[in-house]
Amino acid sequence: KLQFLYFIGMTPPATPPPDYYYTCGLRCVAPYWFEFTTHVKGRWVGKTVVDMFVDDFSHHSREYYEEAVAKGKIKVDGKGVAKDTVLKHNQKVGHLMHRHEQPILNKKVTILKEDERFVGVNKPPSIPVHPCGRYAKNTLVSILKAEHDFPSTLYPVHRLDKVTSGVLLFAKTAKDAENVGKLLRREDTTTATDIQKIYLARVKGHFPATATSCDYPICCTDAKKGIMRCILPSESTDDHVAKNEELLKTSAERQALLKEIEAYRKGGEGDARKRGATWDMPAKLRKKEVFKKLSDAKVGDTKLLPKPALTNFKRVGLIGEDSLVECYPKTGRTHQIRVHLKALGHPIVDDTLYNTEARSVASVETKDDASVPSFETDPLCLECSSGGEAPLIDAALKLRAAPEPGQSSMSICLHAFRYTFVDGGSKYSFEAPLP
């Protein structure tokens, strides 16, 4: 996908519009102009600029891209082009769009603790950490910069799902983020005393009163949607591998090549190696088919291989027919707590990805207080021609109130309550109050 690299320099109005507006309990972003840029990829060379967009970015029609080229909103190397312009190596393509972002819940982002090395943030649910997809300003790093004056160069130490709330750690240097991140992801944390991660979850049914563990391996079952699953005792890891043998074989070859390339780059002192250059690599690693194999890989194929996982659980109370459970993940797999709870028969009550009987337990505001400011529109913009911001707000309210099974909700009853670790002889502890 095209990665955005900078905002377009435009003459601002006398009174710049605000980045955010608020309605119906949602934080919304005022529409803005934005240019996506990327360098021409190998598979685009020889295609016309319109054919490239139609083939790789099919969410718009050919007619849209032809009109965008005619109006100068698609450029090559910073210049307007004709629709039949053929793309060449090393060129840079830009696409200026009128951007509408997805709304998120209007929950306050608070700073739990800050020192010279780390910043602990209480992340509300529904907010992605970094810009991705339909989110750029409605992300945690952008809100921290806009409302808390933090630099945009904070480095996340670990991950939290968009729908999960609670402790999220940032480091002020890349080195600290890498070192502590590795510490928290260690595979030997099953018996470690220097690391503690506690999550709280509201789950369906009466969870066992005795301490419970789940050690089912976890793998990806739908890479596009990011859905994971457990390999249950009734299944065999060998059976799973056999079903995906061809894809896993390709994945294993890719991983071996990546490791060899990484070892090469780290093994020398030359400037070329430090820059990650490939021209002086051994011939075996410079072959075109090597890079083709790496670039043509299917999304998420490495996640197909089941990985060991362990989560400990302790019931701390009952809420009607539900239970409040402390979760202690000892490994760091994607959606680990969520899929382990599902496997145990006690999925998170409002987790529509892993609970077929999910129900909302959050209080929501009604549509009665909705108010949407007026914004500049663009005739080419799909959102503008479909009603502007109102449909996005309606969709977000529906998603918040009653997401459909299999559809990712805006929040779930899973909260990163406490992170504790020891690094460099110092003990760090961050705790986030329940939302």
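Hydrogens, waters and symmetry mates are skipped; everything else that's a heavy atom, side chains included, is used. All of these numbers come straight from a predicted model, not from anything done at the bench.
- Residues Lys137 and Tyr32 have side chains that never bring a donor and an acceptor to within less than 3.5 angstrom of each other.
- By the 6.0 Å and 45° rule, Arg315 does not stack over the aromatic ring of Phe207.
- The aromatic ring centres of Phe313 and His346 sit 6.0 Å or more apart.
- At a threshold of 4.0 Å, the pair Lys342-Asp351 does not count as salt-bridged, since none of the basic side-chain nitrogens sits closer than that to a carboxylate oxygen.
- Remark: Asp115 CG is packed, more than 12 non-hydrogen atoms of other residues, nucleotides or ligands lying under 6.0 Å away.
- For the side-chain hydrogen bond (donor to acceptor under 3.5 Å, both in side chains) test, no residue two or more places apart in sequence or in another chain qualifies with Asn106.
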Inset, instruction - Dump the intermediate steps for side-chain hydrogen bond (donor to acceptor under 3.5 Å, both in side chains) on Tyr21 and Glu389, then the final yes or no. - result: CA-CA 11 Å; Tyr21 68 95; Glu389 291 285 280; 2.6 Å; yes

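- Residue Ile348 is tested with Ile412, Leu353, Asn355 for a side-chain contact (heavy atoms from CB on, under 4.5 Å); the sole match is Ile412.
- Taking the six-membered ring for Trp and the full ring otherwise, Phe421 and Tyr419 have centroids separated by 6.0 Å or more.
- The environment of NZ in Lys113 is crowded: more than 12 heavy-atom neighbours from other residues, nucleotides or ligands sit within 6.0 Å.
- Using a cutoff of 4.0 Å between basic side-chain nitrogens and carboxylate oxygens, Lys73 and Asp378 are scored as salt-bridged.
- Using a cut-off of 4.0 Å between Lys/Arg side-chain N and Asp/Glu carboxylate O, Arg117 and Asp176 are scored as salt-bridged.
- The residues Arg27 and Glu101 are annotated as not salt-bridged, no charged nitrogen and carboxylate oxygen being separated by less than 4.0 angstrom.
- By the 4.0 Å N-to-carboxylate-O rule, Asp350 lies too far from Arg202 to be salt-bridged with it.
- Taking the centre of each ring, Phe118 and Tyr428 come in below the 6.0 Å mark.
- Summarising the local packing, CZ of Arg134 is surrounded by more than 12 heavy atoms from other residues, nucleotides or ligands at distances under 6.0 Å.
- Legend: residues meeting salt bridge (charged side-chain N to carboxylate O under 4.0 Å, His left out) with Glu116, ordered by chain and number and at least two apart, are absent.
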